[in-house]
Visitor: 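There's a structure below that I have some questions on.
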Amino acid sequence: MLLRHTPEEIVEREALTIQPAKTCQPVGAMYAALGIHKCLPHSHGSQGCCAYHRSALTRHYKEPVMAATSSFTEGSSVFGGQANLLDAITNIFTIYNPDVIAVHTTCLSETIGDDIPQITAKARDEGRVPNGKFIIRANTPSYVGSHVTGFGNMIKGIIDGFATRGTKSGHINIIPGYVEPSDMSEVKHITKSMGVDTVMFPDTSAVLNGPQTGRYEMYPKGGTPISDLQKTGFAKMTLALGPIASGPGAKFLDTKCGVPYEMLSLPIGIRSTDAFVNALRKNGGIVSDELEYERGQVLDVLTDMQQYFHGKKVALVGDPDHLVPLTEFLTDIGFNVRHVVTGTPGKKFIARIKEAAGTEDINVKEASDFFYLHQLIKNEKVDLILGNTYSKYIARDEDIPLVRIGFPIYDRVGHQYFPILGYRGALRLIEKILNALLDYQDKTAPEEKFELVM
Ligand code: SF4
């Protein structure tokens with residue numbers, strides 16, 4: 001038992017986190033920056049931070065994730081990192097030739113108080129930024145927030161760097177939230193199927209889930225083009241999917257360029273996907289036969305297999321934007337959601353989960369950790385866990401089937417290629433959940449209850 005020291009008794013903790021259910025802000029900022037075409041993320045801090053952020057993304061996607069670093073030494077830690085960042089900007093444009101450098105800060109540069117807007121302005125004044133090239137920036141101190149907050153901060157950086165006021169055009173913006181490249185493809189599939197003209201940013205599809213071609217490309221063909229980012233201020237509206245990751249950017253774009261926004265849940269499960277489809281319909285989209293067919297397939301599987309879900313207890317851990325629609329979906333299809341834990345802080349999370357579950361009788365905690373989730377499970381065992389790779393320790397010790405959802409997933413593949421958003425994503429979610437439950441039943445059923453047909 002790897003976690004044999006986790007006690008059943010829950011003691012209120014304030015100053016100690018054990019196995020946080022989140023990663024740090026720059027990971028999210030780096031991920032968002034990779035969703036811009038020909039963009040090189042840059043970590044303004046020490047090499048160790050950048051190495052960690054890159055390796056977290058590389059392990060999750062099984063793809064080489066490129067990023068530069070200001071490589072702080074003791075000197076820059078004391079006197080500030082301006083000289084390092086100025087040299088880095090020159091070197092990056094000279095050697096790696098990106099169209100955009102996306103600078104995010106780290107705990108160290110935030111603590112020093114480096115003024116990134118001033119440094120990047122100085123770089124421009126000194127001619128270090130070639131014509132037609134851009135630097136965008138985000139403040140991502142990791143002692144607050146999480147990777148989801150960092151993602152949201154870089155979205156604001158993208159808007160700050162590219163969006164301008166102008167005559168409104170017919171398209172709408174979509175900020176897809178901190179979701180997989182496969183999920184971003186699914187969002188595009190839905191908007192295309194409904195015939196809606198959209199600009200989605202960021203877009204990591206075809207960046208972190210591309211094919212093996214035998215050739216290394218530093219800048220894959222995916223990512224939102226700069227020309228599209230420059231149109232975001234002209235959109236007639238923005239659909240922000242997921243209030244924590246996408247909400248701040250949508251609000252900022254409204255303030256900066258007068259683009260109104262609608263905030264939606266991530267389209268996970270039938271109800272949330274219906275809401276997304278309806279929002280597109282209100283903006284001129286037509287619900288296609290294709291989407292109706294996909295929705296019907298989800299309903300068909302649910303009708304056929306609902307008996308295996310009904311009343312099963314489930315624990316969820318992950319990011320708030322995922323957990324709310326997941327709780328709603330699982331409750332809708334008959335699960336009894338018992339424990340929901342996120343590492344990302346946010347007081348509204350508790351009320352949103354209770355509303356999604358339709359009950360006050362549920363254990364919910366924000367800014368929390370895996371240790372607490374394990375204690376909850378020790379006090380009330382569940383039949384299924386949905387969470388990232390770190391959940392496997394609890395699942396193994398407590399002999400509970402695990403469905404890997406969220407970030408990071410270091411020990412499986414599939415999340416890059418197959419969505420959990422949209423109707424097709426709902427189908428995949430059901431398949432994964434069903435397989436986990438039925439595999440467990442096959443493994444543990446006594447001989448007289450071992451079924452051929454399920
Ligand atoms: S020091 Fe801060 S930014 Fe760097 S890896 Fe740790 S939490 Fe992340």
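For clarity, every value in this text was computed on a predicted model and none was experimentally measured.
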Visitor: Would you kindly say whether Q416 and E63 are connected by a side-chain donor-acceptor distance under 3.5 Å?
Guide: no
Visitor: Suppose we screen for ring pair (Phe, Tyr, Trp, His ring centres under 6.0 Å). Which residues come up paired with F162, at least two apart in sequence or across chains?
Guide: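 Listed in chain order: F134.
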Visitor: Indicate whether the side chain of T105 and that of E110 have a donor and an acceptor atom separated by less than 3.5 Å.
Guide: yes
Visitor: If we count only N and O atoms by modelled type, under 3.5 Å, do the side chains of Q82 and H44 hold a donor and an acceptor together?
Guide: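 Side-chain D/A pair, Q82 to H44: absent.
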Visitor: Before giving the answer on ring-ring contact (aromatic ring centres under 6.0 Å, His included), spell out for Y219 and H37 the whole-Å C-alpha distance, their side-chain angles and the decisive distance to 0.1 Å.
Guide: CA-CA 7 Å; Y219 305 108; H37 184 61; 7.8 Å; no
Visitor: In plain terms, say whether K378 and E398 are close enough for a salt bridge, that is, a side-chain N and a carboxylate O under 4.0 Å apart.
Guide: yes
Visitor: Between L316 and I385, is any pair of side-chain heavy atoms under 4.5 Å apart?
Guide: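 A side-chain contact under 4.5 Å is absent here.
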Visitor: Would you find a donor on one side and an acceptor on the other, under 3.5 Å apart, between the side chain of T120 and the backbone of P117?
Guide: yes
Visitor: Under a 4.5 Å cut-off applied to non-hydrogen side-chain atoms, are S142 and C107 in contact?
Guide: yes
Visitor: Spell out, as yes or no, whether a donor-acceptor pair under 3.5 Å connects the side chain of R54 to the backbone of A51.
Guide: no
Visitor: For N84, is there any backbone N or O sitting under 3.5 Å from a side-chain donor or acceptor partner on D87?
Guide: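 Checked: no pair found.
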Visitor: Scan for salt bridge (Lys or Arg N to Asp or Glu O under 4.0 Å) pairs involving residues 405-421, sequence neighbours excluded, and state none if there are none.
Guide: K392-D411, R404-D411
Visitor: For T6 and H374, which I'm curious about, is there any donor-acceptor pair between the side chains at under 3.5 Å?
Guide: yes
Visitor: Ignoring hydrogens and angles, state whether a donor on the side chain of E186 or Y423 is under 3.5 Å from an acceptor on the partner side chain.
Guide: no
Visitor: On the six-membered ring of Y410, is R59 placed so that its NZ or CZ lies under 6.0 angstrom from the centre and within 45° of the ring axis?
Guide: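 Yes, cation above the ring, under 6.0 Å and within 45°.
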Visitor: Taking atom NZ of K122 and atom CD1 of I89, what is their separation to the nearest 0.5 Å?
Guide: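 If I round to the nearest 0.5 Å, the distance is 11.0 Å.
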Visitor: Determine whether K256 and R165 make a side-chain contact, defined as any pair of heavy atoms from C-beta on separated by less than 4.5 Å.
Guide: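 Result no, sub-4.5 Å side-chain heavy-atom pair not found.
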Visitor: Do you know the tightest heavy-atom contact between G161 and I136?
Guide: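 Closest heavy-atom pair between G161 and I136: CA-CG2, 3.9 Å.
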Visitor: Hey, does E366 have a side-chain heavy atom less than 4.5 Å from the side chain of K348?
Guide: no
Visitor: Salt bridge check: are K133 and D99 linked by an N-O gap of less than 4.0 Å?
Guide: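 Looking at K133 and D99, the cut-off is met.
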Visitor: Calculate, to the nearest 0.5 Å, the distance between atoms NZ and OG1 belonging to K251 and T238 respectively.
Guide: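 The NZ atom of K251 sits 13.0 Å away from the OG1 atom of T238.
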Visitor: Taking S46 for the side chain and F72 for the main chain, is one N or O donor matched with an acceptor at less than 3.5 Å?
Guide: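 Checked: no pair found.
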Visitor: Please check this pair: side chain of N388 against backbone of I409, looking for a donor-acceptor N/O pair closer than 3.5 Å.
Guide: no
Visitor: Could you check if a side-chain atom of H322 sits within less than 4.5 angstrom of a side-chain atom of I420, using non-hydrogen atoms only?
Guide: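 H322 reaches I420 side chain to side chain.
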Visitor: Can you tell me how far the CD atom of E180 sits from the OG atom of S205, to the nearest 0.5 Å?
Guide: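 The OG atom of S205 is 11.5 Å from CD of E180, to the nearest 0.5 Å.
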Visitor: Knowing that exactly one of I268, L429, I433 qualifies, which makes a side-chain contact (heavy atoms from CB on, under 4.5 Å) with L330?
Guide: I433
Visitor: Starting at CG of L241, measure out to CG of L421 and round the result to the nearest 0.5 Å.
Guide: 7.5 Å
Visitor: How about K347 and F349: do any of their side-chain heavy atoms sit closer than 4.5 Å?
Guide: no
Visitor: For K22, is there an ion pair with D369 - N to carboxylate O distance below 4.0 angstrom?
Guide: no
Visitor: Would you say H147 and C24 make side-chain contact, with heavy atoms under 4.5 Å?
Guide: no
Visitor: Please say which of V100, I175, L229, T224 ends up in a side-chain contact (heavy atoms from CB on, under 4.5 Å) with I158.
Guide: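 One option only clears the test, and that one is L229.
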Visitor: For the residue pair V341 and F370, establish whether any side-chain heavy-atom pair is separated by less than 4.5 Å.
Guide: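 They are not in contact (no side-chain heavy atoms under 4.5 Å apart), so the answer is no.
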Visitor: Look at the aromatic rings of Y178 and F151 and report parallel, tilted or perpendicular, splitting at 30° and 60°.
Guide: tilted
Visitor: Between the main-chain N or O of A235 and the side-chain N or O of N173, is there a donor-acceptor pair closer than 3.5 Å?
Guide: no
Visitor: Would you tell me whether T69 and S43 have side-chain atoms, one donor and one acceptor, within less than 3.5 Å of each other?
Guide: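 There is no such pair between these side chains.
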Visitor: Is it the case that the ring center of Y61 lies less than 6.0 angstrom away from the ring center of Y31?
Guide: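 Between Y31 and Y61, the centre distance is under 6.0 Å.
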Visitor: So, D397 side chain and L3 main chain: donor-acceptor pair closer than 3.5 Å or not?
Guide: yes
Visitor: Does one side chain, of S182 or S185, offer a donor that lies under 3.5 Å from an acceptor on the other?
Guide: no
Visitor: For D228, is there an ion pair with K231 - N to carboxylate O distance below 4.0 angstrom?
Guide: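 Salt bridge: yes.
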